[in-house]
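Heads up, the thing below is written out as structure tokens.
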Protein chains: 2
Amino acid sequence: MQDMNIKKVSSHELGQKLDMNPAQIRKDLAYFGEFGRKGIGYEVSYLISKIKEILKINRHINVGLVGAGHLGIALSNYNRFTREKLSIAAIFDADPNKWGMSVGHLKVQPVSELQETVKEKDIKMGIITVPATEAQKVVDQLIAAGVTAILNFAPATLKVPSHVHLRNADLTTELQSLAYYVD
Amino acid sequence: MQDMNIKKVSSHELGQKLDMNPAQIRKDLAYFGEFGRKGIGYEVSYLISKIKEILKINRHINVGLVGAGHLGIALSNYNRFTREKLSIAAIFDADPNKWGMSVGHLKVQPVSELQETVKEKDIKMGIITVPATEAQKVVDQLIAAGVTAILNFAPATLKVPSHVHLRNADLTTELQSLAYYVD
DNA sequence: TAGATTGTTAATCGATTAACAATC
DNA sequence: TAGATTGTTAATCGATTAACAATC
């Protein structure tokens with residue numbers, strides 16, 4: 001709506017677009033504060049900024065990626081990250097043949113430099129795109145370096161301490177959920 | 001549990017593992033049929049087969065992948081698909097330089113062959129890993145070929161007719177949801 | 001038989017929706 | 001002012017949990 005230069009929106013309009021009851025929208029928003037004006041509605045730009053604040057996506061975050069294989073390179077080139085204030089700030093790999101290889105504006109670094117680089121570049125999140133057999137070792141190293149939020153693409157069940165937030169991006173599950181609708 | 005050679009399980013045990021109330025588990029399962037035995041519990045292998053049946057993941061499905069870039073190649077090599085009865089049976093790309101290129105045991109085909117190959121190989125699902133600018137064109141071609149379940153990795157909002165099931169695998173959202181827990 | 005556990009009905013709990021005073 | 005729309009309280013609805021007869 002902001003892109004379409006629409007300035008204000010009512011809970012009724014939002015409800016139509018999101019296929020939700022207007023009262024639900026007002027109640028959910030009201031839980032976090034008073035963002036609207038009676039008789040007027042919600043100001044689009046203000047609502048966006050408030051929602052970003054609530055979801056904590058109103059700040060820049062540096063991300064470290066471990067595993068310079070096809071998936072790792074694909075993610076590095078994924079330009080939507082940049083738009084959403086997420087920067088891949090370093091890429092690591094265990095394979096000496098890949099060290100120094102250019103990926104975008106970055107060069108692949110040895111995993112041994114992980115700890116130092118995480119501190120230096122203020123990396124707060126990690127992405128794991130190594131083979132399943134290497135994943136636990138990598139997650140341990142990321143945690144040792146102080147990273148507490150990790151997105152794992154390796155098809156492995158990883159063990160992390162309770163203060164670390166691990167999210168598994170399981171592409172199989174996505175496909176399987178679609179399989180339900182086939183035929 | 002099957003891998004651990006455990007033969008039977010009670011709703012109480014399942015509840016503990018899944019962090020759910022035992023009554024919830026019994027009720028949910030009972031919705032689909034009577035899978036347990038009073039005084040005994042559920043037989044692990046039977047329960048697995050019934051759940052796979054309910055979720056319709058008890059059959060082999062061939063998948064066509066469009067876009068032989070890094071992400072496409074990464075997905076082709078993703079061996080977990082095979083284990084879950086999902087086979088990438090063909091890879092397409094618009095770039096003539098990629099035609100004939102080997103990816104696993106497949107060769108990259110021109111998109112012009114899509115329609116024919118989908119029929120020939122009984123492809124039921126599609127994966128889109130092309131640039132955002134090409135995605136709508138590709139989804140249209142997949143639909144024209146008769147594919148009704150599509151997983152899209154391109155950061156684009158695609159239009160599909162109501163009988164087609166489109167699922168967007170948005171990697172940004174995954175990362176953003178983790179960002180909430182940073183600091 | 002006694003203990004265990006299901007499937008299901010009844011009770012409880014929480015989430016959604018309706019209604020409305022406040023007010024722009 | 002009259003119409004619109006919020007934030008919030010009250011009413012409704014549905015989902016979760018407890019309880020228990022059936023039975024292995």
Side-chain angles (χ1 to χ4, degrees), chain A residues 1-58 162 165 167-168 170 173-174 176-178 180-181, chain B residues 1-58 162 165 167-168 170 173-174 176-178 180-181:
Chain A
M1 295 183 86
Q2 191 166 55
D3 288 349
M4 293 167 78
N5 212 30
I6 295 167
K7 296 301 182 198
K8 59 183 185 54
V9 63
S10 68
S11 60
H12 182 76
E13 290 171 289
L14 283 173
Q16 280 206 318
K17 285 183 193 295
L18 297 169
D19 199 19
M20 287 175 72
N21 184 294
Q24 183 86 81
I25 288 178
R26 293 200 300 278
K27 202 151 210 272
D28 285 1
L29 289 173
Y31 181 82
F32 295 99
E34 304 199 358
F35 303 144
R37 290 209 297 161
K38 292 187 173 76
I40 306 292
Y42 301 90
E43 195 194 329
V44 173
S45 66
Y46 182 70
L47 191 56
I48 288 174
S49 81
K50 277 297 175 186
I51 291 174
K52 284 194 172 170
E53 194 181 311
I54 293 164
L55 299 176
K56 296 196 191 176
I57 53 177
N58 59 342
S162 61
H165 293 271
R167 204 178 162 89
N168 290 300
D170 190 343
T173 310
E174 298 270 357
Q176 282 185 324
S177 70
L178 263 177
Y180 185 83
Y181 300 104
Chain B
M1 296 182 87
Q2 192 165 54
D3 289 349
M4 294 166 76
N5 212 29
I6 295 167
K7 297 299 181 197
K8 60 183 184 53
V9 63
S10 68
S11 60
H12 183 76
E13 290 170 290
L14 283 173
Q16 279 205 319
K17 285 182 193 294
L18 296 169
D19 199 21
M20 286 175 71
N21 184 295
Q24 182 86 79
I25 288 178
R26 293 200 300 280
K27 202 150 211 269
D28 285 1
L29 288 174
Y31 181 82
F32 294 100
E34 304 200 357
F35 304 143
R37 290 209 296 161
K38 292 187 173 78
I40 307 292
Y42 300 91
E43 195 194 329
V44 173
S45 66
Y46 182 68
L47 192 56
I48 288 174
S49 81
K50 276 298 175 185
I51 291 174
K52 284 194 173 170
E53 193 181 312
I54 293 163
L55 299 177
K56 295 195 191 177
I57 53 177
N58 58 341
S162 60
H165 292 272
R167 204 178 162 89
N168 291 299
D170 190 343
T173 310
E174 298 269 358
Q176 282 186 325
S177 70
L178 262 178
Y180 185 82
Y181 301 104

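The structure displayed is predicted, hence computed values, not measured ones. Chain A is the first sequence line, chain B the second, and so forth, proteins listed ahead of strands; every chain is numbered from 1. As a basis for the values below, the full set of heavy atoms in this structure was taken, side chains included, without hydrogen atoms, waters or symmetry mates.
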Counting side-chain heavy atoms from CB outward, which of D:dG7, C:dT8, D:dT6 is closest to A:E34? D:dG7
Whole-Å distance, B:K38 NZ to C:dT5 C1', equals 9 Å
Please convert DNA chain D into dot-bracket. A pair counts if it is Watson-Crick or G-U wobble with both distances under 3.5 Å; crossing pairs go in [ ] and bases paired with another strand get |. ..||||||||||||||||||||||
Would you say the side-chain atoms of B:N21 pair up with the backbone N or O of B:A23, donor to acceptor, closer than 3.5 Å? yes
Phosphate contact (C:dT6 OP1 or OP2) by B:S11 side-chain N/O below 4.0 Å: yes
Within the pair A:Y42 and D:dG7, is there a side-chain N or O less than 4.0 Å away from OP1 or OP2? yes
Rounded to whole angstroms, how far apart are CZ on A:R37 and P on C:dA21? 23 Å
By the 4.0 Å heavy-atom rule, please label A:Y31 as base, sugar-phosphate, or nothing. nothing
To the nearest angstrom, the NE2-C1' distance between B:H12 and D:dA19 comes to 16 Å
Short N-O contact, A:E174 and B:R167, less than 4.0 angstrom: yes
Between C:dA22 atom P and A:R26 atom CZ, what is the distance in whole Å? 16 Å
Would you kindly say whether B:E13 and B:S11 are connected by a side-chain donor-acceptor distance under 3.5 Å? no
Side chain of A:A23 (C-beta onward), nearest among D:dA22, C:dT17, C:dT8: C:dT17
Provide, to the nearest angstrom, the distance between the NZ atom belonging to A:K8 and the P atom belonging to C:dC24. 15 Å
What is the distance from CD of A:E13 to C1' of D:dA4, rounded to the nearest Å? 12 Å
Tell me the closest heavy-atom pair linking B:V9 and B:V44, and the distance in Å. CG1-CG2, 4.1 Å
From the set D:dA19, D:dT9, D:dT17, return the single nucleotide nearest to any side-chain atom of B:N21. D:dT17
Hey, is OH on B:Y181 packed in by over 12 heavy atoms from elsewhere, all under 6.0 Å? no
Closest to the A:Q24 side chain, choosing from C:dT17, D:dC24, D:dT6: C:dT17
Could you work out which one of C:dT6, C:dT9, D:dT8 sits closest to the side chain of B:K27? C:dT9
What's the separation between atom OG in A:S49 and atom CD in A:Q2, rounded to the nearest 0.5 Å? 9.0 Å
Between the side chains of B:N58 and B:K56, is a donor N or O closer than 3.5 angstrom to an acceptor N or O? no
Please state how far atom CD in B:E43 lies from atom C1' in D:dC24, giving the value in whole angstrom units. 15 Å
Take the protein atom CD1 of A:I25 and the nucleotide atom P of D:dT8, then report the distance between them rounded to whole Å. 17 Å
From the list D:dT8, C:dT8, D:dC24, which nucleotide is the closest neighbour of the side chain of B:I40? D:dC24
